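Working notes, structure below.
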Amino acid sequence: MNDPEDRSPSNPVPAWRIAAAVIVLTALGLMGAVLAPVYWHNLELEKFLHQVQPASDEVLRQTIIDKGRSLGLDIVPDNLQIRRSPGASRPDVHYVVRVNLPLYTVDLHFSTTMSGGL
């Protein structure tokens, strides 16, 4: 029969590996906590853009920047693009939101097709 005392003890996981795993998981959790509100506010901005009907690209550009800032999104004006396909009534909007982390800056790229259009 199998006697529990006859089994060789399993190799325990070294403490440094457990500590490293905890550090990595904590860092991933913190990144998620920092980035989740940005994605949530982006969804709010997209809902807003589906309702707006601007008169021109400049009005749309300023509307996006103003609404983004009111939501706490740091939209980079130089990276805000409004594209109109020939024959399409709905413009595509591409923009970058800058997120400043303690050791790194992340540029998140978003894109949406407006429902309202001109």
Side-chain angles (χ1 to χ4, degrees):
M1 289 205 168
N2 276 340
D3 188 9
E5 294 176 355
D6 290 341
R7 292 187 203 162
S8 63
S10 63
N11 292 335
V13 177
W16 69 268
R17 280 190 166 179
I18 294 172
V22 168
I23 290 170
V24 168
L25 291 174
T26 301
L28 288 173
L30 289 173
M31 280 290 267
V34 169
L35 295 179
V38 175
Y39 283 96
W40 181 260
H41 293 307
N42 176 63
L43 287 174
E44 292 178 20
L45 179 60
E46 284 187 16
K47 287 179 188 176
F48 173 78
L49 290 176
H50 287 284
Q51 299 170 355
V52 82
Q53 293 185 349
S56 69
D57 285 357
E58 283 307 311
V59 170
L60 177 58
R61 176 179 295 281
Q62 194 57 48
T63 301
I64 293 170
I65 291 171
D66 291 343
K67 182 62 175 180
R69 288 197 176 133
S70 75
L71 292 170
L73 297 174
D74 183 14
I75 296 176
V76 181
D78 293 340
N79 292 332
L80 173 60
Q81 299 175 352
I82 301 165
R83 297 181 185 157
R84 297 182 188 276
S85 300
S89 62
R90 300 177 295 171
D92 293 327
V93 179
H94 305 276
Y95 52 96
V96 173
V97 175
R98 182 160 289 154
V99 180
N100 293 313
L101 301 173
L103 299 174
Y104 189 68
T105 298
V106 178
D107 287 339
L108 300 176
H109 296 256
F110 295 103
S111 178
T112 189
T113 300
M114 297 181 60
S115 295
L118 293 176

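Computed from a predicted structure; not experimentally measured. Keep in mind that the numbers below use all heavy atoms, side chains included, and drop hydrogens, waters and symmetry copies.
I65 CD1 to D74 CG: the interatomic distance, rounded to the nearest 0.5 Å, is 10.5 Å. Atoms NZ and CD, on K67 and Q62 in that order, are 14.5 Å from each other to the nearest 0.5 Å. The CG atom of L101 sits 10.5 Å away from the CG atom of L30 when rounded to the nearest 0.5 Å. Taking CE from M114 and CD from E46, the interatomic distance works out to 11.5 Å, rounded to the nearest 0.5 Å. Rounded to the nearest 0.5 angstrom, E58 CD and T63 OG1 are separated by 10.5 Å.
Under the 4.5 Å side-chain heavy-atom criterion for Ile, Leu, Val, Met, Phe, Trp and Tyr, L73 and V34 are members of the same hydrophobic cluster. Cluster annotation: V76 and Y95 are assigned to distinct hydrophobic clusters (Ile/Leu/Val/Met/Phe/Trp/Tyr, side-chain heavy-atom contacts under 4.5 Å, transitive). One hydrophobic cluster, built from ILVMFWY side chains closer than 4.5 Å, cannot hold both L43 and I64; they sit in different ones. By the rule that hydrophobic residues join a cluster once side-chain heavy atoms approach within less than 4.5 Å of another member, L49 and V96 end up as members of separate clusters. In terms of hydrophobic clustering, with Ile, Leu, Val, Met, Phe, Trp and Tyr side chains grouped at heavy-atom distances under 4.5 Å, L108 and M31 are assigned to a common cluster.
Judged as a ring pair (Phe, Tyr, Trp, His ring centres under 6.0 Å), and not counting sequence neighbours, the contacts of Y39 are F110. Applying the side chain to side chain contact (heavy atoms under 4.5 Å, CB included) rule to S111 yields the partners H94; only residues at least two apart in sequence or on another chain are considered.
No option in L45, T112, T113 other than T112 meets the side-chain contact (heavy atoms from CB on, under 4.5 Å) test with V93.
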| task | Start with the C-alpha gap between V97 and N42, add the side-chain angles, then the distance that decides, and say whether side-chain contact (heavy atoms from CB on, under 4.5 Å) holds. | result | CA-CA 9 Å; V97 175; N42 176 63; 5.6 Å; no

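The side chain to side chain donor-acceptor pair (under 3.5 Å) analysis of residues 99-110, with sequence neighbours excluded, yields the pairs R98-D107, N100-T105.
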